[in-house]
There are 2 protein chains.
Amino acid sequence: MDRPLKIDELLCFSVYSVNHAISRLYRPLLAPLGLTYPQYLVLVALWDRDHRRVSDLGAELQLDTNTLTPLLKRMETAGLLTRQRNPEDERSLIVTLTENGRVLEHKATELTACVLEAMGGDIEELSALRDQLHALRDKLEQR
Amino acid sequence: MDRPLKIDELLCFSVYSVNHAISRLYRPLLAPLGLTYPQYLVLVALWDRDHRRVSDLGAELQLDTNTLTPLLKRMETAGLLTRQRNPEDERSLIVTLTENGRVLEHKATELTACVLEAMGGDIEELSALRDQLHALRDKLEQR
DNA sequence: GGCGATTATATCGTGTGCGATATACTTGGG
DNA sequence: CCCAAGTATATCGCACACGATATAATCGCC
């Protein structure tokens, strides 16, 4: 295939494009909670496992501290979490959800249902797509 | 499924995550050409169809002028394209590739091959994934 | 032909992402 | 015990995204 590819033929563009579409889908749903989409992803990670270091969060979300530090500071200001130096190792910072941050998990459940519905509602199909994307991500990361 | 989802179970996160992985893959490949990843996508669109209005580009790339205007200005400064008011309708702006911008298409061919290889090289599989993502994007947009 | 509505682009402010660099703390070898 | 190397987070600068708003040109209706 030597012919130059059109934009809609590029897998990378379809990923780019779907990512923005998803972000636009979440925006109005998250706005009433005072959350941005990346902030919501941080919360999802913290709801699962709390009281952990910034670098742990970063490893899971694939984000470095140059992104996470200001993001977490905004979330701290919003009263969703606390940032405390680890007494065992003063270099590291422990991120812990506040009651406010924990409570949002309930509201997020409806949100997930809403997103699922917007995506067509076929869980089998969407799970398969997710697994293919994970496989692709792993391929890209192992380089 | 009432159980709260973990981050790796969310399709939206896998898309988010793959998008960043792809962007990180392209970055070092595009850096020698002086391009960012979004700028590259603009070029792909322009290589296919040149001499068109900002809003046309925006419709194809799903970007509004608040993103495109500064992006295109940077590309104009870099000598990749020109921005000229349409004489037929002075409201609109016609974007045209310069020779410099057109020439990059050749170099991009190797780049596509490199990206394909990083993604595993199975064109059938990757095309199928792309088509699923397009279907998802269309579902999300029609809301 | 004038003027309000519409359209096309631009500007502003905020929030990510990320490369490069800085700072604070800990560890390990002499 | 001291200091160089390593580690964890922070800061800086730049480039997107995008909601909200502004500006300039055109259109349509009377």
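These numbers come from a predicted model, not from an experiment. Proteins get letters first, then strands, A, B, ... in listed order; numbering begins at 1 in each.
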How many Å lie between CG on A:L41 and P on C:dT16, as a whole number? 10 Å
Separation of atom CG in B:L57 from atom P in D:dC16, rounded to whole Å: 14 Å
Under 4.0 Å protein heavy-atom contacts per nucleotide of nucleotides 5-11 of chain D, with B for base, S for backbone only and - for none: -BBSBBB
May I have the distance from A:L80 (atom CG) to C:dG15 (atom P), rounded to whole angstrom? 13 Å
State whether A:Q39 places a side-chain N or O below 4.0 Å from either non-bridging phosphate oxygen (OP1 or OP2) of C:dT16. yes
Give, for atom CG of B:L81 and atom CG of B:L43, the distance between the pair rounded to the nearest 0.5 Å. 7.5 Å
Expected output: side-chain A:N86 to main-chain A:E88 donor-acceptor under 3.5 Å: yes
Could you tell me how far apart A:L25 (CG) and D:dA17 (P) are, to the nearest whole angstrom? 18 Å
Can you check whether A:R74 has a side-chain N or O nearer than 4.0 Å to OP1 or OP2 of C:dT16? yes
Side chain proximity check, A:L111 to A:Y40, heavy atoms < 4.5 angstrom: yes
Expressed in angstrom and rounded to an integer, what is the separation of B:Q84 atom CD from C:dT9 atom P? 14 Å
Could you check whether any side-chain heavy atom of A:M119 comes within less than 4.5 Å of a side-chain heavy atom of B:K139, counting everything from C-beta outward? no
Less than 4.0 angstrom between a side-chain N/O of A:Y16 and OP1 or OP2 of D:dA17, yes or no? yes
Looking at side-chain heavy atoms only, is the closest gap between A:R102 and A:D50 below 4.5 Å? yes
Grab the CZ-P distance between B:R27 and D:dA15 for me, whole Å please. 11 Å
Counting C-beta onward and ignoring hydrogens, is there a side-chain heavy-atom pair between B:I22 and A:Y16 closer than 4.5 Å? no
In whole Å, I'd like the distance from the CG atom of B:L72 to the P atom of D:dA17. 12 Å
Decide, yes or no, whether a salt bridge links B:D89 with B:R91 under the criterion of side-chain N to carboxylate O below 4.0 Å. yes
Select from B:T36 and B:E90 the residue whose nearest nucleotide in DNA chain D is closer to the 5' end of that strand. B:T36
For atom CG of A:L63 and atom P of C:dG19, their distance in whole Å: 12 Å
